[in-house]
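Since the structure comes first, as structure tokens, the remarks are kept for the end.
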There are 2 protein chains.
Amino acid sequence: MNIYEIAKKAGVSIATVSRVVNNSPNVKPETREKVEAVLKEFKYTPNAIARSLVKRATNTIGVLTSDVRDSYYASAIYTIEQKFRKWGYNVILCNTGLEIENKREYMKIMLQKKVDGIILVGSVFREKSNNKHIYDAAHQVPVVMLNGDLTGKNIYSIVCDDETGTYKAVELLFSRGHRKMVYLYDADSFSGMAKIRGFKRGMKAKGLIPGSSSIIKVLPGVMGGYEGVERLDREDVKYTAILTSEDVIAAGVLKKLKEAGKKVPRDVAVIGYNNSQVSLCTAPELSTVDNKVEEMAAGAVQILYDVLRGKDVPPSMMVTPELVIRGSC
Amino acid sequence: MNIYEIAKKAGVSIATVSRVVNNSPNVKPETREKVEAVLKEFKYTPNAIARSLVKRATNTIGVLTSDVRDSYYASAIYTIEQKFRKWGYNVILCNTGLEIENKREYMKIMLQKKVDGIILVGSVFREKSNNKHIYDAAHQVPVVMLNGDLTGKNIYSIVCDDETGTYKAVELLFSRGHRKMVYLYDADSFSGMAKIRGFKRGMKAKGLIPGSSSIIKVLPGVMGGYEGVERLDREDVKYTAILTSEDVIAAGVLKKLKEAGKKVPRDVAVIGYNNSQVSLCTAPELSTVDNKVEEMAAGAVQILYDVLRGKDVPPSMMVTPELVIRGSC
DNA sequence: TATTGTTATGTAAACGCTTACATATTATTG
DNA sequence: CAATAATATGTAAGCGTTTACATAACAATA
């Protein structure tokens with residue numbers, strides 16, 4: 001049932017039907033009623049595709065992330081979707097994984113589908129040359145990154161100051177007497193690097209030396225933390241505190257420490273990152289760094305929305321993380 | 001840059017350009033090369049909106065769920081997106097929450113945006129009358145439910161046999177000597193009810209009486225489990241085993257038990273549900289029921305895809321859950 | 001009443017594509 | 001080499017809207 005059929009049934013022109021559907025003024029009350037009756041009777045559903053074609057706007061946002069199953073990303077995506085929905089936009093979700101080719105492919109499709117804007121949820125490569133697809137996309141629609149550092153026309157970013165977040169965590173542990181700290185991380189992402197910088201800076205500020213054996217890369221997930229501690233012990237690294245780049249890694253750390261008969265926080269202190277649900281499920285509960293993912297996501301949405309409305313927007317914003325102290329330290 | 005401009009630059013008609021873009025045969029190799037060169041030079045991006053309008057298909061699927069932040073739903077959504085992407089479809093994600101009005105609203109928008117099909121991820125009401133929007137939608141596009149029991153034209157469902165899943169859990173606990181079991185659940189959803197049935201059936205099969213004080217509704221999340229145990233103790237309910245409808249609830253149970261000085265599994269056995277990441281983060285690790293969410297999601301995708309291709313598909317399928325035995329029982 | 005100004009409605013073009021059909025070109029056959 | 005078949009290309013309509021512009025209807029003013 002389209003606008004033509006409605007027009008015929010109601011005995012008016014398609015323009016009038018369109019006006020009624022869009023609540024435009026300048027349509028006589030009686031005509032409006034007549035048309036609305038027909039609309040209701042035949043359960044008219046406007047075709048948003050046709051509308052998008054002429055309006056040159058789809059009211060759809062493309063969101064690229066590596067994997068929604070990561071609770072951190074899921075939170076961001078939730079916030080993005082909910083906030084945009086209030087403004088009449090929908091979200092196309094893309095799980096790109098880590099391969100660049102996938103990201104490129106998804107980006108291409110989003111442009112073909114004419115999304116009005118793109119939000120990248122932690123999915124930016126460190127090497128700028130690998131981000132060509134982002135610059136290309138920004139040529140057609142605004143692009144907003146969560147935790148990315150690209151700059152350029154039509155590119156905006158909102159980052160969490162993870163360097164400071166980790167720095168504060170080091171500071172806290174130091175103040176509680178810890179001198180031998182180890183950092184476990186799983187990804188060389190933008191924020192991953194920032195966290196490592198924070199760890200190093202914190203150590204140095206306290207006169208400690210962040211040796212190569214004290215910053216180690218592990219697999220993602222619980223297993224990563226578990227194996228990480230195994231490796232530390234195997235290599236006979238001494239430590240009284242372990243910091244991680246993710247709560248789940250810290251959960252794995254707790255598990256291995258427990259198996260090894262070490263008490264947390266008595267023998268070893270542990271601090272995670274993200275303030276995720278997992279940090280409440282462990283025993284003891286994890287101390288962690290809240291990197292304000294909702295706040296960041298909300299910021300990204302606001303930025304994109306403003307850009308779409310033609311407002312001037314600063315190309316980059318920053319959110320400050322916060323220490324959450326619980327039982328593990 | 002559209003098809004007309006390309007046609008002009010290449011000195012051919014728009015039909016020919018269209019043919020080249022769509023790799024249709026019957027275009028002379030030299031013409032193809034000539035057009036392709038222009039396509040490349042001007043970075044032509046086909047407009048999927050225009051294409052959708054004439055093809056009457058958007059290659060887009062609407063996915064409604066209450067909340068992606070729930071790791072169970074996130075897994076389902078991930079699988080749905082990934083599988084459909086392989087077939088050239090994208091996914092619009094909708095977090096409807098629990099209110100019916102939101103679900104209705106989202107459904108309406110999906111129909112306006114002309115999605116080719118809809119998948120409901122655990123978002124069906126128990127009272128049929130509250131699901132009118134689903135029946136209405138099925139009038140226009142195929143609808144597939146994960147864990148829902150609606151039937152009707154153009155409606156398909158794939159469910160996990162959660163009744164049996166919980167039944168097996170009861171059986172296991174019984175075989176390990178437990179006689180006083182308590183069930184904690186958080187939602188009166190379709191699968192929530194099935195689980196309760198399984199618990200009751202299991203108890204009765206073993207000659208036990210599932211009293212009203214042994215099936216209690218709690219808040220969702222870690223807090224729910226925590227407060228649930230508090231309440232049990234306050235009301236002086238005796239138990240040697242606790243089953244829950246979600247792993248996170250079980251995590252809360254473990255936490256409270258630990259605080260109360262009860263050892264798991266020595267004093268109390270605990271079994272969760274979902275086999276989620278959380279079940280690996282607790283100490284001890286949670287025994288749980290794997291309800292095969294990926295398998296279910298993959299099934300839903302296959303069903304919808306087959307329907308879209310005009311195949312005959314059984315209106316309802318079932319997946320069998322599996323006990324995962326770990327340290328908590 | 002003729003004139004002007006408002007308000008309501010209609011007509012037709014445009015959005016960017018696909019595709020049925022018509023036509024032009026080339027190859028194949030007797 | 002003409003007749004026919006096969007292939008390549010072009011033309012135009014249609015997908016379902018919005019909207020600029022034209023026109024009609026009506027009210028207000030001189």
Side-chain angles (χ1 to χ4, degrees), chain A residues 1-39 42-60 88 108-116 140-141, chain B residues 1-39 42-60 88 108-116 140-141:
Chain A
M1 185 56 65
N2 63 23
I3 223 175
Y4 281 90
E5 308 189 60
I6 298 292
K8 196 180 296 170
K9 307 267 186 202
V12 299
S13 74
I14 57 162
T16 299
V17 176
S18 176
R19 288 188 190 104
V20 171
V21 170
N22 295 290
N23 298 306
S24 85
N26 299 347
V27 30
K28 194 156 59 173
E30 329 159 30
T31 321
R32 161 155 287 141
E33 277 173 36
K34 189 173 57 179
V35 173
E36 266 166 357
V38 180
L39 250 23
F42 295 94
K43 296 188 182 171
Y44 170 74
T45 306
N47 184 323
I49 298 298
R51 170 186 255 264
S52 291
L53 187 59
V54 15
K55 296 271 241 176
R56 299 154 151 286
T58 54
N59 276 33
T60 303
K108 197 175 92 189
I109 298 172
M110 289 306 101
L111 296 178
Q112 294 186 175
K113 291 214 168 171
K114 298 291 169 201
V115 294
D116 296 336
Q140 305 195 37
V141 294
Chain B
M1 186 55 65
N2 63 23
I3 223 177
Y4 282 90
E5 307 189 60
I6 298 292
K8 195 180 296 170
K9 307 267 185 201
V12 298
S13 75
I14 57 162
T16 300
V17 175
S18 177
R19 289 187 189 104
V20 171
V21 169
N22 295 291
N23 299 305
S24 85
N26 298 345
V27 29
K28 194 157 59 175
E30 331 160 29
T31 320
R32 161 156 287 141
E33 276 174 37
K34 190 172 57 180
V35 173
E36 267 167 356
V38 179
L39 251 22
F42 295 94
K43 296 187 182 172
Y44 170 75
T45 305
N47 184 323
I49 298 297
R51 169 185 256 264
S52 292
L53 188 59
V54 15
K55 295 273 242 176
R56 298 154 152 285
T58 54
N59 277 33
T60 303
K108 197 175 93 189
I109 298 173
M110 290 304 101
L111 295 178
Q112 294 187 174
K113 291 212 168 174
K114 298 293 170 200
V115 294
D116 296 337
Q140 305 196 36
V141 292

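Below, read A as the first sequence line, B as the second, and so on, with proteins coming before strands; counting in each chain starts at 1.
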On the nucleotide [N], are OP1 or OP2 found under 4.0 Å from the side-chain N or O atoms that [X] carries?
X        : N      : result
A/Thr31  : C/dA8  : no
A/Ser18  : D/dT17 : no
B/Lys114 : D/dG16 : no

Figure out the [atom1]/[atom2] separation between [X] and [N], and round it to whole Å.
X       : N      : atom1 : atom2 : result
A/Lys28 : D/dA25 : NZ    : C1'   : 8 Å
A/Glu33 : C/dT9  : CD    : C1'   : 17 Å
A/Glu5  : D/dG16 : CD    : P     : 8 Å
B/Asn2  : C/dG16 : CG    : P     : 5 Å
B/Asn26 : C/dA27 : CG    : C1'   : 14 Å
A/Leu39 : D/dG16 : CG    : P     : 16 Å
A/Arg19 : D/dC21 : CZ    : P     : 14 Å
B/Met1  : C/dG16 : CE    : C1'   : 13 Å

Original post:
Could one point to a donor on the side chain of A/Tyr4 or the base of D/dC15 with an acceptor on the other under 3.5 Å away?
Top reply: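 A donor-acceptor contact between them is absent.
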
**OP:** Look at the side chain of A/Arg56 and the base of C/dG16, then say whether one donor and one acceptor between them are separated by less than 3.5 Å.
**Re:** no

Return the nearest nucleotide to the side chain of [X]; candidates are [options].
X       : options                : answer
B/Ile3  : D/dT17, C/dG10, C/dC17 : C/dC17
B/Val54 : D/dG16, C/dT11, C/dT18 : C/dT18
A/Ser13 : C/dT9, D/dG10, D/dT18  : C/dT9

Original post:
With nearest nucleotides of DNA chain C determined for B/Ala15 and B/Ile49 from heavy-atom distances, which residue corresponds to the more 5′ nucleotide?
Top reply: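 Comparing both residues, the 5'-ward one is B/Ile49.
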
Original post:
Want to settle it: does B/Gly11 or A/Pro46 sit nearer the 5' end of DNA chain D, counting the closest nucleotide to each?
Top reply: B/Gly11

Original post:
5'-most contact on DNA chain D: B/Thr16 or B/Lys55, nearest heavy atom basis?
Top reply: B/Thr16

Original post:
What does A/Val21 touch in the nucleic acid at a heavy-atom separation under 4.0 angstrom: a base, only the sugar-phosphate, or nothing?
Top reply: nothing

Original post:
Looking for any heavy atom pair under 4.0 Å, which part of the strands does B/Ser24 touch: base, sugar-phosphate only, or nothing?
Top reply: nothing

Subject >> Verdict with supporting geometry, B/Gln140 and B/Lys114, side-chain contact (heavy atoms from CB on, under 4.5 Å) >> reply: CA-CA 9 Å; B/Gln140 305 196 36; B/Lys114 298 293 170 200; 4.3 Å; yes

**OP:** Check whether the side chains of B/Arg51 and B/Asn22 place a donor and an acceptor atom closer than 3.5 Å, and report yes or no.
**Re:** yes

**OP:** Looking only at non-hydrogen atoms, find the nearest pair between A/Ser13 and A/Ala7 and report the distance.
**Re:**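 Residues A/Ser13 and A/Ala7, closest heavy atoms: C-CB, 3.8 Å.
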
Subject >> Considering all heavy atoms, the nearest B/Thr58-B/Ser52 contact >> reply: CA-OG, 3.4 Å

Original post:
Does A/Lys34 reach the side chain of A/Val20, with side-chain heavy atoms less than 4.5 Å apart?
Top reply: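 A side-chain contact under 4.5 Å is absent here.
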
**OP:** Calculate, to the nearest 0.5 Å, the distance between atoms NZ and CG belonging to A/Lys55 and A/Asp116 respectively.
**Re:** 11.5 Å

